[in-house]
Amino acid sequence: MRHRAPSAAVVAALTAVSCLRISSGGTTPRPPIHLPTRQIELIAGPLTAADPADEYDSLQLEQGKKWATSFPAHPSLLDANYYDLAFVLYQIHYRTNDAYWLEQARRVARAWRDWQGNREIPLMLAQKPTTMVPPPRGFATLGLAVLALESADEAAERVVEDQARLVELSWMHYGDAREKAYSLMALVAATVLGKDHGKNARALLDTILAAQSPDGPWRDEPGTLVPVRYTLNYMNGLMMEALVLYDRAIGDPRILPAIDKCMRWLWEKQWLLELETFQYGDVDAGTVNTDPAPVLNGLFLPAWGYAYFRSGDPVLRQQGDRILEGLVYGGSKEIWGVKQFDEAFRSSAHYPAFVAARAAGASSEADTGGRAMRKP
């Protein structure tokens, strides 16, 4: 399915002069909040407290209540939790300290924990017939990992472990950039939970870094649906999110240069300046197109925030603020369902928190115990 291009009204809004008050721009950032444990911080953080007067926060809270209330919004639980609704709701809970959001996050995460597709993973691991086990893009691992950590939920922990083992069995070296990103997230999340997946996480990281194109992006090969070599830019955003998670939890000196190279290519080749968004893809061929996709801006923000946090480069801060502004100003008009809500908010709240951490004086994640899996 081709990505739907924004309407004329959305394009007009994107090209207008913005006067948004967003949490990372113009004023001193709100300080990062302390999450309950270091393990939860590694999975769900960093975060800042929500401010209902802030346009980004207001949009997250308004849309979050809509999709939490309507869950499951699809007959298929896989669609209802796609891009990890539980993970988004947990972040809102920590940002607001409101028990309502904790209840909603647990409700979604427990439903996902008990979904038949997750229950069937042990059958696949035992090489027995299954019907519903999803590929890594459908795992929604991080919400389950937070449930396991904050509730001592052993069943959720088992699903995270099963997903990591399934990656090792079936998908370690296969799939597009998105599948590899979610596979790496599953292995890292299980490692944060204390399971023994660090060696295979490193092996997958090696594969990912070796597959990066010399000019920066991760590209996919021609196939039936797309007859040329191509890049879906949001998959590069997910890949960089996975690399940030790995670097904070385990650490590898190759990660920041890889993220920097990908960001440079995205900004120079795929950023639409007047529309404040990235193109959906880098070619117009088959199911890929170069339409603007502002609702996907949120998937790029963890990389820009983390790179700015580590380097202090003001250019990265300026670029990140533009990406965030485009998400709020244009992406908000493209939230047609829970999938788009999750795309916009599964990890975008990390950006202002990384900016805030830099403002607080930290110069590297190592200074604050970021590579903390030696002492989880």
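In this chain, residues are counted from 1 in sequence order.
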| request: Return yes if a side-chain donor-acceptor contact under 3.5 Å exists between His34 and Glu41, otherwise no. | output: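 Absent: no donor and acceptor within the cut-off.
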| task | Go through the side-chain N and O atoms of Asn297 and Glu325 and say whether any donor and acceptor fall under 3.5 Å apart. | result |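 Asn297 vs Glu325: no donor-acceptor pair found between side chains.
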| task | List the steps and the verdict of side chain to side chain contact (heavy atoms under 4.5 Å, CB included) for Tyr182 and Phe139. | result | CA-CA 8 Å; Tyr182 283 121; Phe139 277 178; 5.7 Å; no
Tell me, do [X] and [Y] make a side-chain contact under 4.5 Å, heavy atoms counted?
| X | Y | value |
| --- | --- | --- |
| Phe341 | Leu85 | yes |
| Thr191 | Leu193 | no |
| Met185 | Thr141 | no |
| Tyr90 | Ile43 | no |
| Asp252 | Leu205 | yes |
| Glu62 | Ser332 | no |
| Arg322 | Trp267 | yes |
| Arg95 | Asp57 | yes |

| Counting distance only, does the side-chain N/O of Gln39 pair as donor-acceptor with the main-chain N or O of Val192 below 3.5 Å? |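 Side chain of Gln39 to backbone of Val192, a donor-acceptor pair under 3.5 Å: yes, one is there.
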| request: Begin from the C-alpha positions of Ile208 and Trp218 and carry the test side chain to side chain contact (heavy atoms under 4.5 Å, CB included) through to its verdict. | output: CA-CA 8 Å; Ile208 287 169; Trp218 282 268; 3.7 Å; yes
| field | Working for side chain to side chain contact (heavy atoms under 4.5 Å, CB included), residues Leu327 and Leu301 | value | CA-CA 10 Å; Leu327 172 63; Leu301 284 167; 4.2 Å; yes
| Any salt bridge (Lys or Arg N to Asp or Glu O under 4.0 Å) pairs touching residues 113-124, not counting sequence neighbours? |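 Output for this query lists Arg113-Asp153.
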| Considering residues at least two apart in sequence or located in another chain, which fulfil the ring pair (Phe, Tyr, Trp, His ring centres under 6.0 Å) criterion with Tyr234? |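 With neighbours one apart ignored, the set is Tyr280.
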| message | As a quick check of understanding, evaluate side chain to side chain contact (heavy atoms under 4.5 Å, CB included) for Met235 and Asp220, giving each step before the final call. | response | CA-CA 10 Å; Met235 291 191 185; Asp220 290 303; 4.1 Å; yes
| task | Please work out which of the three classes, parallel, tilted or perpendicular, describes the rings of Phe300 and Phe278, given edges at 30° and 60°. | result |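 Because their plane-to-plane angle lies in the 30° to 60° range, the rings of Phe278 and Phe300 count as tilted.
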| said: In terms of relative ring orientation, are Phe354 and His350 parallel, tilted or perpendicular, with 30° and 60° separating the classes? | reply: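 Perpendicular.
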| task | Step by step, work out the salt bridge (charged side-chain N to carboxylate O under 4.0 Å, His left out) result for Arg229 and Asp282. | result | CA-CA 10 Å; Arg229 201 161 184 249; Asp282 68 334; over 6 Å; no
Report all side-chain donor-acceptor pairs from residues 255-265 shorter than 3.5 Å, counting only partners two or more places apart or in another chain.
unit_1: Asp260; atom_1: OD2; unit_2: Arg264; atom_2: NE; d: 2.8

